[in-house]
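It should be emphasised that the depicted structure is a prediction, and the values quoted were computed from it without experimental measurement. Positions are given from 1 along the sequence. Note that these values count all heavy atoms, side chains included, but never hydrogens, waters or copies made by symmetry.
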Amino acid sequence: MSIKTDFQPTLFSQISHELRIPLTGILGMVYFLGQTPLNVQQKEYLRIILESAQQLEKAEVKISALLKNSPTI
């Protein structure tokens, strides 16, 4: 295998890991914050944060699936 071929799965795996860990924390804190009394504007901010985090989570899942389905990305 070439260096490029060997390097890509490792790089993508690292990127996936680096996204997953903070996203777990963000989604957990969003959940807990959602359990507290919030005004209308705060609820809207929380909704935006949640949707953004979920979109990043979907991207991370796609990266992981790519890694599993293609050993030579």
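Note: the hydrophobic cluster containing Ile26 also contains Leu50 (ILVMFWY, side chain heavy atoms under 4.5 Å, direct or indirect links).
The distance from atom CG of Leu46 to atom OG1 of Thr36, rounded to the nearest 0.5 Å, is 8.0 Å. Atom CG of residue Leu27 and atom CD of residue Gln54 lie 6.5 Å apart, to the nearest 0.5 angstrom. Here the CG atom belonging to Leu38 is positioned 5.0 Å from the CG atom belonging to Leu33, to the nearest 0.5 angstrom.
Closest non-hydrogen pair, Ala53 versus Leu23, comes out as O-CD2, 3.5 Å.
Side chain of Gln42 to backbone of Asn39: a donor-acceptor contact under 3.5 angstrom is found.
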